[in-house]
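Here the structure is laid out as structure tokens; the discussion comes afterwards.
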Amino acid sequence: MSTTHTTKCLIIGAGPAGYTAAIYAARANMKPILVQGMTPGGQLTITSEVENYPGFADAVQGPWLMEQMSAQAARVGTELMFDVIAEVDFSKRPFVCKAESGDSFIADTVIICTGAQARWLGLPGEKKFQGFGVSGCATCDGFFFKGKEIAVVGGGITALEEALYLTHHASKVTIIHRRDEFRGEKMMQDHVFSHPKINVVWDSVVEDIVGDEQPTLSVTGLRIKNVKTGAVQTLPVAGVFIAIGHDPATKIFRDSLKMDAEGYILTKPDSTATDIPGVYAAGDVKDKIFRQAVTAAGMGCMAALEAEKFLAAREHEQNSLKAAS
């Protein structure tokens with residue numbers, strides 16, 4: 001039997017942005033409801049160790065960090081629900097969002113924190129060694145490969161940026177690209193070609209990622225194939241970074257909110273406000289530059305504070321109208 005839920009603030013998505021928005025919204029007495037989606041915790045649930053989140057002297061496990069955020073959000077008064085929002089109506093307030101369970105959520109404000117996912121190659125070894133040598137984020141995991149040889153897969157601006165960043169940690173970075181030229185900007189290409197630590201393997205695709213299972217899972221190499229000659233070789237590396245882009249989880253919002261060509265939600269400058277008053281977007285769903293847990297959390301805080309300010313202004317406006325009548 002379906003149920004209708006009413007709240008001042010509905011938060012869609014449960015990663016660092018969603019949980020932080022929930023914590024601030026609850027402390028503002030907005031009695032938020034957070035619909036957690038299919039993967040509560042987002043991308044951090046597949047991150048084995050997190051060393052760059054402030055407040056922890058030692059590395060923490062990504063899933064544990066998300067569990068702590070979830071527990072904190074619940075403790076301060078957030079109602080956490082395991083459901084998936086499948087349809088939204090932002091044409092009028094209060095907003096109406098419908099879930100896959102059949103439940104409806106009526107909200108005065110909505111904060112979208114559905115995040116984005118790195119595109120993967122879809123290889124067996126990629127899934128097997130994810131978090132154990134396979135990563136989609138150089139700034140998150142590059143530190144773990146200090147002094148080691150690693151590979152970056154891709155040929156766009158993201159791949160070039162990742163490769164250059166990784167030279168600060170790795171002894172050698174090999175870029176594997178399926179074409180014979182890069183798509184990134186010329187200046188970035190010049191930096192890559194002139195860097196002594198970077199090597200490029202052209203016209204090649206990764207057939208699989210190989211590694212050891214004992215004593216722990218670890219990547220030892222890539223099996224790559226030249227698309228022109230058909231020659232196959234194994235490249236010995238300790239890690240591989242997949243840099244073929246990200247896909248924001250914004251499909252259900254495409255007919256409701258303004259987005260860029262890649263599907264990221266557009267917000268006002270220095271704000272999380274979308275083009276619909278009362279609807280906000282925080283975290284990777286709108287950020288394709290930094291994509292860090294700490295920046296997502298910061299935007300979640302911003303969104304909750306902006307939603308609180310929006311509701312306060314609406315209440316003041318309504319009270320003024322009542323006093324004038």
Side-chain angles (χ1 to χ4, degrees), residues 5 7 9-25 32-47 62-63 65-66 69-70 73 78-90 95-101 103-107 109-120 136-137 245-268 271-276 278-304 306-307:
H5 309 270
T7 178
C9 181
L10 175 66
I11 301 163
I12 306 174
Y19 287 135
T20 305
I23 291 165
Y24 275 81
I33 294 175
L34 191 157
V35 180
Q36 301 188 82
M38 294 183 65
T39 311
Q43 296 183 67
L44 277 186
T45 59
I46 60 171
T47 303
L65 182 59
M66 291 298 91
M69 287 192 183
S70 174
T78 303
E79 184 177 357
L80 303 174
M81 302 195 67
F82 291 98
D83 210 335
V84 177
I85 298 298
E87 183 181 335
V88 299
D89 182 359
F90 295 154
F95 307 117
V96 178
C97 302
K98 295 183 179 179
E100 289 184 355
S101 65
D103 285 7
S104 295
F105 296 84
I106 300 175
T109 61
V110 173
I111 301 176
I112 300 168
C113 306
T114 47
Q117 293 183 333
R119 295 178 194 144
W120 300 101
C137 178
H246 285 72
D247 292 315
T250 56
K251 185 177 181 180
I252 65 170
F253 309 111
R254 286 176 185 167
D255 295 329
S256 305
L257 298 171
K258 287 185 178 179
M259 301 180 186
D260 69 10
E262 296 174 80
Y264 288 87
I265 296 174
L266 296 174
T267 57
K268 297 177 181 178
S271 171
T272 63
T274 69
D275 61 307
I276 302 293
V279 179
Y280 305 89
D284 288 9
V285 77
K286 61 148 285 183
D287 171 29
K288 58 184 175 183
I289 299 174
F290 301 105
R291 296 196 302 266
Q292 299 297 301
V294 67
T295 53
M299 282 183 275
C301 166
M302 290 170 58
E306 288 187 285

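Keep in mind it's a predicted model, so treat the numbers as computed, not measured.
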### Summary
Sorted by chain and number, sequence neighbours left out, disulfide bond (SG atoms under 2.5 Å apart) with Cys137 holds for Cys140
### Message
My understanding is that only residues two or more places apart in sequence, or in another chain, count here; which of them pass ring pair (Phe, Tyr, Trp, His ring centres under 6.0 Å) with Phe95?
### Response
Phe90
### Query
For the atom pair CE (Met69) and CG (Leu44), what is the distance rounded to the nearest 0.5 Å?
7.5 Å
#### Entry: Distance-minimising heavy-atom pair for Gly300 and Ala282
N-CB, 3.8 Å
### Point-to-point distance, once rounded to the nearest 0.5 Å, from OG1 of Thr250 to CG of Asp260
8.5 Å
### Query
Side chain of Gln117, backbone of Ala249: donor and acceptor closer than 3.5 Å?
no
### Nearest non-hydrogen partners of Ala293 and Pro16, listed with the distance
O-CB, 3.5 Å
### Query
Do Tyr280 and Met302 touch side chain to side chain, with heavy atoms closer than 4.5 Å?
no
### Query
Under the salt bridge (Lys or Arg N to Asp or Glu O under 4.0 Å) test, which residues partner Asp275, sequence neighbours left out?
none
### Check: Thr272 main-chain N/O paired with Glu306 side-chain donor or acceptor under 3.5 Å
yes
### Query
With a 4.5 Å heavy-atom cut-off, do Ile11 and Cys113 have their side chains touching?
yes
### Nearest-0.5 Å distance that lies between atom CD in Gln292 and atom CE in Met299
10.0 Å
### Query
Do Cys9 and Ile111 have side chains that get closer than 4.5 Å, going by heavy atoms?
yes
### Message
If you compare all heavy atoms of Ser70 against all heavy atoms of Leu80, which two are closest, and at what distance to 0.1 Å?
### Response
OG-CD1, 3.3 Å
### Task
Go through the structure and list residues passing side-chain hydrogen bond (donor to acceptor under 3.5 Å, both in side chains) with Arg119, not counting sequence neighbours.
Asp247
### Query
Crowded around Lys98 NZ? As in, over 12 foreign heavy atoms under 6.0 Å?
no
### Message
Using modelled atom types and a 3.5 Å cut-off, is there a donor and acceptor pairing between side-chain atoms of Thr78 and backbone atoms of Ala22?
### Response
yes
### Query
Does Ile85 have any side chain to side chain contact (heavy atoms under 4.5 Å, CB included) partners at least two apart in sequence or in another chain, and if so, which?
Ile12, Val35, Val88, Cys97, Ala99, Phe105, Ile252
### Message
On a heavy-atom basis, which atom in Leu34 and which in Ala14 lie closest, and how many Å separate them?
### Response
CD2-CB, 3.6 Å
### Query
If we only count heavy atoms from C-beta on, is the Arg291 to Gln43 side-chain gap below 4.5 Å?
no
### Distance, nearest 0.5 Å, that separates CG of Asp284 from OH of Tyr264
7.0 Å
### Query
Roughly how far apart are Ile265 CD1 and Leu257 CG, rounded to 0.5 Å?
5.5 Å
### Task
Heavy atoms only: give me the nearest Cys301-Thr20 pair and the separation to one decimal.
N-CG2, 3.8 Å
### Task
Starting at OG1 of Thr114, measure out to NZ of Lys251 and round the result to the nearest 0.5 Å.
13.5 Å
### Message
If you compare all heavy atoms of Leu10 against all heavy atoms of Ala107, which two are closest, and at what distance to 0.1 Å?
### Response
CB-CB, 3.6 Å
### Query
Among all residues two or more places apart in sequence or in another chain, which pass the side-chain hydrogen bond (donor to acceptor under 3.5 Å, both in side chains) test with Thr267?
Lys286
### Message
Other residues, nucleotides and ligands only: do more than 12 of their heavy atoms fall within 6.0 Å of OH on Tyr24?
### Response
no
